[in-house]
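In this chain, residues are counted from 1 in sequence order.
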Amino acid sequence: MAVAATWAACAGLALAQVAPVPQAGEGGGRIRAQLAAPSDVEISSEIAAKIARLPLKEGDSFARGALLVEFDCGLYRAQLAKAQATATAATRQLDVTRQLAKLHSVGAMDVAQAQAHAKEAAADADYMRTTVDKCSIRAPFTGRVAKRDAAPYEYVVPGKPLLEILETGALEVKLIVPSRWLATLKPGTRFVLHMDDLGTDVDAEVVRIGARIDPVSQTVSISGRIVGEQPRLLPGMSGWASFPGHP
């Protein structure tokens with residue numbers, strides 16, 4: 001019996017270490033929280049080419065629409081010029097064939113073949129135009145470079161990670177709270193966030209409540225936002241969120 005009791009106590013301790021529950025502190029509920037960027041994107045190559053320009057380094061800031069990556073696409077541009085010339089010639093051939101058909105010099109089959117050739121040539125030109133459009137990658141939002149996975153003059157293949165970028169808009173606060181708090185928590189509820197990295201307090205508010213409750217831990221995810229401008233805050237910082245009135 002003593003052995004069984006000892007095993008049960010150890011098992012209970014192990015479970016408590018694997019699945020920690022939110023802790024409460026004096027003067028209101030205190031929950032661990034972490035800051036996250038609105039968007040965290042990994043930029044990858046869509047074509048096989050050599051990198052011509054990779055102007056940003058880790059930590060650099062950029063504006064929406066700024067050049068992130070530029071590839072050496074001389075070969076693709078030459079193929080585009082050829083495809084466009086072929087499409088132009090096919091269109092002119094179709095016009096001539098239609099004129100000859102009016103004079104009964106060619107049959108309907110000749111016109112159909114000319115139309116098919118013109119459509120095929122136009123499709124090839126569109127394909128090469130789309131490929132050339134991928135020769136440069138521009139920023140989808142204003143942000144900063146979190147990681148650089150490639151270097152100028154490196155030859156890359158489709159799917160090769162190049163940059164990890166973070167949006168520098170209003171940071172989100174990610175936290176998990178006991179499900180019993182849902183009786184009083186709602187979007188707009190204010191709380192105070194103490195940042196461990198800076199040793200300062202900032203105001204925040206709840207913006208979204210998770211769609212389901214974890215049946216094991218009886219917790220729910222909450223998303224909040226920082227109230228006001230806090231330029232010193234960075235994604236990945238963590239701290240304690242205090243909710244007065246929640247034990």
Side-chain angles (χ1 to χ4, degrees), residues 5-43 58-64 139-147 163-247:
T6 301
W7 182 89
C10 293
L13 177 59
L15 288 175
Q17 292 174 340
V18 172
V21 298
Q23 301 178 7
E26 297 180 357
R30 298 176 69 239
I31 298 292
R32 289 299 296 177
Q34 187 171 43
L35 299 183
S39 297
D40 184 340
V41 179
E42 184 177 73
I43 301 296
E58 292 185 9
D60 285 348
S61 300
F62 54 83
R64 177 185 176 92
F141 47 71
T142 298
R144 297 180 68 185
V145 177
K147 185 180 180 183
L163 295 170
E164 182 181 353
I165 58 175
L166 303 175
E167 187 176 2
T168 53
L171 295 176
E172 291 190 347
V173 185
K174 301 293 185 180
L175 58 159
I176 297 176
V177 303
S179 58
R180 65 179 182 273
W181 287 15
L182 294 180
T184 53
L185 275 187
K186 60 181 180 180
T189 299
R190 290 293 187 102
F191 60 95
V192 177
L193 187 61
H194 177 78
M195 305 307 305
D196 292 342
D197 307 84
L198 301 176
T200 59
D201 292 345
V202 296
D203 293 327
E205 66 178 6
V206 175
V207 293
R208 289 190 308 278
I209 296 176
R212 65 180 179 183
I213 295 173
D214 187 296
V216 177
S217 62
Q218 289 297 293
T219 57
V220 62
S221 62
I222 298 291
S223 295
R225 71 173 183 89
I226 303 298
V227 177
E229 295 292 332
Q230 298 290 341
R232 298 177 63 195
L233 299 182
L234 296 174
M237 286 184 173
S238 60
W240 289 96
S242 298
F243 292 81
H246 293 82

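- Taking every heavy atom of both residues into account, Arg232 and Met237 meet most closely at O-CE, 3.5 Å.
- Side-chain atoms of Ile31 and Pro178, non-hydrogen and from C-beta on, do get closer than 4.5 Å to each other.
- Side chains of Gln230 and Thr200 form no contact here, defined as non-hydrogen atoms less than 4.5 Å apart.
- A salt bridge links Arg32 with Asp196: at least one charged nitrogen is closer than 4.0 Å to a carboxylate oxygen.
- From Leu234, atom CG reaches atom OG1 of Thr168 across 10.5 Å, with rounding to the nearest 0.5 Å.
- Note that CD of Gln34 is 9.0 Å distant from CE of Met195, once rounded to the nearest 0.5 Å.
- Interatomic distance, NE2 of His194 versus OG of Ser238, reported as 10.0 Å (0.5 Å rounding).
- The distance from the CG atom of Leu175 to the OG atom of Ser223 is 7.5 Å, given to the nearest 0.5 Å.
- Interatomic distance, CG of Leu193 versus CD1 of Ile226, reported as 5.0 Å (0.5 Å rounding).
- Looking only at side-chain heavy atoms (C-beta outward), Val173 and Leu35 come within less than 4.5 Å of each other.
- Rounding to the nearest 0.5 Å gives a distance of 8.0 Å between CG of Leu163 and CZ of Phe62.
- Two residues are said to be in side-chain contact when any heavy atoms from C-beta on lie closer than 4.5 Å; Ile165 and Phe141 meet this criterion.
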Practice item. Decide yes or no on side-chain contact (heavy atoms from CB on, under 4.5 Å) for Leu198 and Leu233, but give the supporting numbers first. Key: CA-CA 8 Å; Leu198 301 176; Leu233 299 182; 3.7 Å; yes
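- Summarising the geometry of Val220 relative to Ser179, their closest heavy-atom pair is CG1-CA, 4.3 Å, with the distance given to 0.1 Å.
- Minimum heavy-atom separation, Pro38 to Ala170: CG-O, 3.1 Å.
- Closest non-hydrogen pair, Glu167 versus Ala37, comes out as O-CB, 3.6 Å.
- Considering Val207, Val206, Leu171 as possible partners of Arg225, the one that fulfils the side-chain contact (heavy atoms from CB on, under 4.5 Å) test is Val207.
- Contact between Ser217 and Asp214 at its shortest, heavy atoms only, is N-OD1, 3.0 Å.
- Between Phe191 and Ser242, the closest heavy-atom pair is CB-O, 3.2 Å.
- In this structure, the side chains of Val192 and Asp203 come closer than 4.5 Å at one or more pairs of heavy atoms.
- At distances below 3.5 Å, at least one donor-acceptor pair connects side-chain atoms of Arg64 with backbone N or O atoms of Pro140.
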